[in-house]
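FYI, the numbering just counts along the sequence from 1. Computed from a prediction, not measured in an experiment: that's the story for all the values here.
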Amino acid sequence: MRRSPLTTVILIILSCMLTGCSLSLPPPSPQKLLSVFTQSFTCGFSVDDGSGGYRRASLVRSASGDTLTAYGDSTDTVFFHNGTRLTLKTRGSADQPPLILDLPDGYSAGLPACLPLFSILPDDSFSAERSDGGITVTGQNGRYRAVFSPQGIPCRITLDGITAVIDSFAVTEVPAQ
């Protein structure tokens with residue numbers, strides 16, 4: 001019995017489907033995945049610092065620096081980090097400019113401790129692997145883990161016991177001010 005080329009192709013495809021054969025693409029490199037944090041972006045997240053409660057925050061990264069807003073029950077606290085110093089900012093009004101207070105060097109209590117989560121630069125020790133939930137990047141001897149969706153959008157970051165669960169993330173075309 002002679003088979004046509006179309007029948008052969010259909011049988012190969014069917015056998016691949018039935019045996020679970022799939023083409024598995026390698027994940028993007030850690031450098032490519034983590035490069036989203038070097039661009040201007042806006043991010044909303046919840047932080048678990050190990051105390052059992054979650055705190056809501058947002059981060060806006062622009063060419064001028066990072067604006068971290070911690071949302072509280074009665075008021076919001078805004079921190080600004082320009083790469084060298086961390087400041088506490090109040091909102092200004094039409095009549096008064098915002099008040100800016102420099103925080104001491106090495107200040108990393110509370111939510112400002114989250115800034116390093118979004119500022120890790122990968123090296124050769126970082127690895128990326130696909131899983132059911134997306135792509136996991138691991139580095140710094142297991143101290144750093146970032147989970148990305150299959151489309152490369154960050155979902156969760158953990159560093160030294162601090163975990164940020166990202167619920168919104170958008171790369172901004174024009175640097176936010």
Grouping I, L, V, M, F, W and Y whenever their side-chain heavy atoms are under 4.5 Å apart, do [X] and [Y] come out in a common cluster?
X	Y	answer
F41	V147	no
F80	L68	no
V78	L103	no
V171	I153	yes

At what distance, to the nearest 0.5 angstrom, does [atom1] of [X] lie from [atom2] of [Y]?
X	Y	atom1	atom2	result
L59	C114	CG	SG	9.0 Å
T38	I120	OG1	CD1	13.0 Å
I100	L88	CD1	CG	10.0 Å
I157	R145	CD1	CZ	13.0 Å
D66	F118	CG	CZ	9.5 Å

Check side chain to side chain donor-acceptor pair (under 3.5 Å) between [X] and all other residues, then give those that pass, not counting sequence neighbours.
X	result
T87	none
R143	D160
D124	none
T69	none

Mind checking whether Y144 and L34 have side chains closer than 4.5 Å, heavy atoms only? yes

Within the structure provided, determine whether R156 and S46 are in side-chain contact (heavy-atom separation under 4.5 Å).
no

Closest approach of [X] and [Y], non-hydrogen atoms and distance?
X	Y	value
S40	S62	OG-CA, 3.8 Å
Q140	S125	N-OG, 4.2 Å
G152	V36	O-CG1, 4.4 Å
Y71	S58	OH-OG, 2.9 Å
C43	F45	SG-CD2, 3.9 Å
C155	S149	SG-N, 3.5 Å

For [X], all residues meeting side chain to side chain contact (heavy atoms under 4.5 Å, CB included), sequence neighbours excluded:
X	value
P112	F79, L86, Y107
S127	T138
A128	P27, P30, L33, I135, V137
P116	L159

May I ask you to decide if [Y]'s main-chain N or O and [X]'s side chain share a donor-acceptor pair within less than 3.5 Å?
X	Y	answer
T90	L99	yes
T77	A70	no
R61	F37	yes

Next item on the list: Consider only side-chain N and O atoms of T163 and T158, and report whether a donor and an acceptor are under 3.5 Å apart.
Entry: yes

Sorted by chain and number, sequence neighbours left out, ring pair (Phe, Tyr, Trp, His ring centres under 6.0 Å) with F148 holds for none

Counting only heavy atoms not in N141 (residues, nucleotides, ligands), do more than 12 fall under 6.0 Å from its CG?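 No.
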
Next on the checklist: Suppose we screen for salt bridge (charged side-chain N to carboxylate O under 4.0 Å, His left out). Which residues come up paired with D95, at least two apart in sequence or across chains?
Outcome noted: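 Result, salt bridge (charged side-chain N to carboxylate O under 4.0 Å, His left out) vs D95: none returned.
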
**Contacts of R56 that satisfy salt bridge (charged side-chain N to carboxylate O under 4.0 Å, His left out) - sequence neighbours left out** =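 Result, salt bridge (charged side-chain N to carboxylate O under 4.0 Å, His left out) vs R56: D167.
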
In short, salt bridge (Lys or Arg N to Asp or Glu O under 4.0 Å) pairs touching residues 108-122 with sequence neighbours left out are none

